[in-house]
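What follows is a single structure, written as structure tokens, with notes after it.
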Amino acid sequence: MRKPQIAILALQGAFIEHSRMFSRLGADVFEIRQFADLEHQCDALILPGGESTAQGKLLKELELFEPLKQRIISGLPVMATCAGIILLAEKLCDDDTVHFGTLPVTVRRNAYGRQLGSFYTEGNFGDIPNVTMPFIRAPQIAGYGENVSVLSSHNGVPTAVCFENQLAMTFHPEITEHTDIHEYFLKNIVIPYYSV
Ligand code: GLN
């Protein structure tokens, strides 16, 4: 079987860390920085953490926004971390901005406030125990649609969700030493998609 080709949106934020994770897992990784990069064979898209406003603006300026949105709607596997879930969210609290709007969740940006901007927790992610979850100026999932499954929570608030081809979380697994969540994405979402 050929190797999955993983596209990392590399406009801004923590994209290199995702590349390292997928390379460690034996996938082929390439970066999306401009329109021409869309010609590359692509089995999955990674939306990294960073600043969602800047990412949303760059996506439009570089004319990447519509083609990527169409691919997500068509079923391309997507993994989004932190700012990435803001890009996917159907709705943002107290904000009319919608980026891709493909994930039926409502997200509140910078929900943990300035004081508790960054922290670590450990918890279950689906059936994977003891996953380290770093939160950095993280958003919160304030609501979600009925076909969304919650894979992890912190103090009763969902921190990772899955909906069809979209896996999204409010924390940053890519800055830990553990590849479990990236592996989960490959096994459960990418491989079923590209091996049919
Ligand atoms: N607070 C950022 C935003 O609203 C997200 C932070 C992150 O990705 N670490 O875009």
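We count residues from 1, following the sequence as given.
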Going through the distances and angles, do H40 and E31 end up as a side chain to side chain contact (heavy atoms under 4.5 Å, CB included)? CA-CA 10 Å; H40 200 293; E31 293 181 349; over 6 Å; no
With side chain to side chain contact (heavy atoms under 4.5 Å, CB included) as the criterion, how do C82 and R137 come out once you've worked through the C-alpha distance, each side chain's angles and the decisive distance to 0.1 Å?
CA-CA 9 Å; C82 208; R137 295 194 308 109; over 6 Å; no
Check your understanding: Between N124 and L151, does a side chain to side chain contact (heavy atoms under 4.5 Å, CB included) hold up when you go through it step by step?
Key -> CA-CA 8 Å; N124 297 337; L151 292 166; over 6 Å; no
Practice problem: Kindly determine whether L88 and H99 satisfy side chain to side chain contact (heavy atoms under 4.5 Å, CB included), including the steps that lead there. | Solution: CA-CA 6 Å; L88 290 180; H99 299 280; over 6 Å; no
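In terms of modelled atom types and a separation under 3.5 Å, the side chain of T159 and the main chain of S152 share a donor-acceptor contact. No donor-acceptor pair under 3.5 Å is formed between the side chain of Q5 and the backbone N or O of F30. E51 contributes no side-chain N or O that, together with a main-chain N or O of Q12, makes up a donor-acceptor pair within less than 3.5 Å. Here the side chain of N165 pairs a donor or acceptor atom with the backbone of I72 at under 3.5 angstrom. Formation of a donor-acceptor pair under 3.5 Å by the D95 side chain with backbone atoms of L92 is not found in this model. D28 contributes no side-chain N or O that, together with a main-chain N or O of K3, makes up a donor-acceptor pair within less than 3.5 Å. With hydrogens and angles ignored, the 3.5 Å screen pairs no side-chain donor or acceptor of D43 with any backbone N or O of P4.
When hydrophobic clusters are built by joining Ile, Leu, Val, Met, Phe, Trp and Tyr residues whose side-chain heavy atoms come closer than 4.5 Å, directly or via intermediates, F35 is grouped together with F100. Cluster annotation: L47 and I73 are assigned to distinct hydrophobic clusters (Ile/Leu/Val/Met/Phe/Trp/Tyr, side-chain heavy-atom contacts under 4.5 Å, transitive). Cluster membership check: Y193 shares its hydrophobic cluster with F22, using side-chain heavy-atom separations under 4.5 Å among Ile, Leu, Val, Met, Phe, Trp and Tyr. In terms of hydrophobic clustering, with Ile, Leu, Val, Met, Phe, Trp and Tyr side chains grouped at heavy-atom distances under 4.5 Å, I128 and M21 are assigned to different clusters. Note on I136 and I85: separate hydrophobic clusters, where clusters join Ile, Leu, Val, Met, Phe, Trp and Tyr whose side-chain heavy atoms are under 4.5 Å apart, directly or indirectly.
Across every non-hydrogen atom of P139 and V107, the tightest pair is CB-CG1, 3.5 Å. The heavy-atom pair separating S153 from P158 by the smallest distance is OG-CA, 3.8 Å. Heavy atoms only, all atoms of each residue included: L11 and Q55 are closest at CD1-O, 4.2 Å. In terms of heavy-atom proximity, F125 sits nearest to V131 at CB-CG2, 3.8 Å. What you find for K187 and P192 is that their closest heavy atoms are O-CD, 3.3 Å. The two atoms that bring M79 and I181 nearest to each other are CE-CG2, 4.0 Å, heavy atoms only.
Around atom CD of E66, more than 12 heavy atoms belonging to other residues, nucleotides or ligands sit under 6.0 Å away. The environment of E39 atom CD is sparse: at most 12 non-hydrogen atoms of other residues, nucleotides or ligands sit within 6.0 angstrom. Other residues, nucleotides and ligands contribute over 12 non-hydrogen atoms within 6.0 Å of the CZ atom of F15. Counted within 6.0 Å of CD on E63, heavy atoms from surrounding residues, nucleotides or ligands total 12 or fewer; the atom is thus considered open.
Annotation: Y120 is not in aromatic contact with F171 [ring centroid separation under 6.0 Å not met]. Ring to ring, F119 and Y112 are close: their centroids are under 6.0 angstrom apart.
Counted by atom type alone, R109 and T53 present one or more donor-acceptor pairs between their side chains at under 3.5 Å. Counting only N and O atoms by type, the side chains of H154 and T170 include no donor and acceptor under 3.5 Å apart.
With values rounded to the nearest 0.5 angstrom, K57 atom NZ is found 10.5 Å from L62 atom CG. Note that OG1 of T179 is 9.5 Å distant from CG of L186, once rounded to the nearest 0.5 Å. Rounding to the nearest 0.5 angstrom, the gap separating the OG1 atom in T102 from the CD atom in E164 is 10.0 Å. I8 CD1 to R33 CZ: the interatomic distance, rounded to the nearest 0.5 Å, is 11.0 Å. For the atom pair CD1 of I189 and CG of L76, the computed distance is 11.0 Å after rounding to the nearest 0.5 Å. Atoms CD1 and SG, on I6 and C42 in that order, are 8.0 Å from each other to the nearest 0.5 Å.
Counting only heavy atoms from C-beta outward, the side chains of P173 and T81 approach each other to under 4.5 Å. By the 4.5 Å heavy-atom criterion applied to side chains, L103 and V161 are counted as neighbours. The side-chain heavy atoms of D37 and Q34, taken from C-beta on, include a pair separated by under 4.5 Å. Here the side chains of E122 and P129 are not in contact, with every heavy-atom distance at 4.5 Å or above. Contact check for H18 versus H182: side-chain heavy atoms found under the 4.5 Å cut-off. Counting only heavy atoms from C-beta outward, the side chains of L167 and V78 never approach each other to under 4.5 Å. Residues E90 and V105 have side chains not in contact (no heavy-atom distance under 4.5 Å, counting atoms from C-beta outward). In this structure the side chain of L9 never reaches within 4.5 angstrom of the side chain of I46, judged on heavy atoms.
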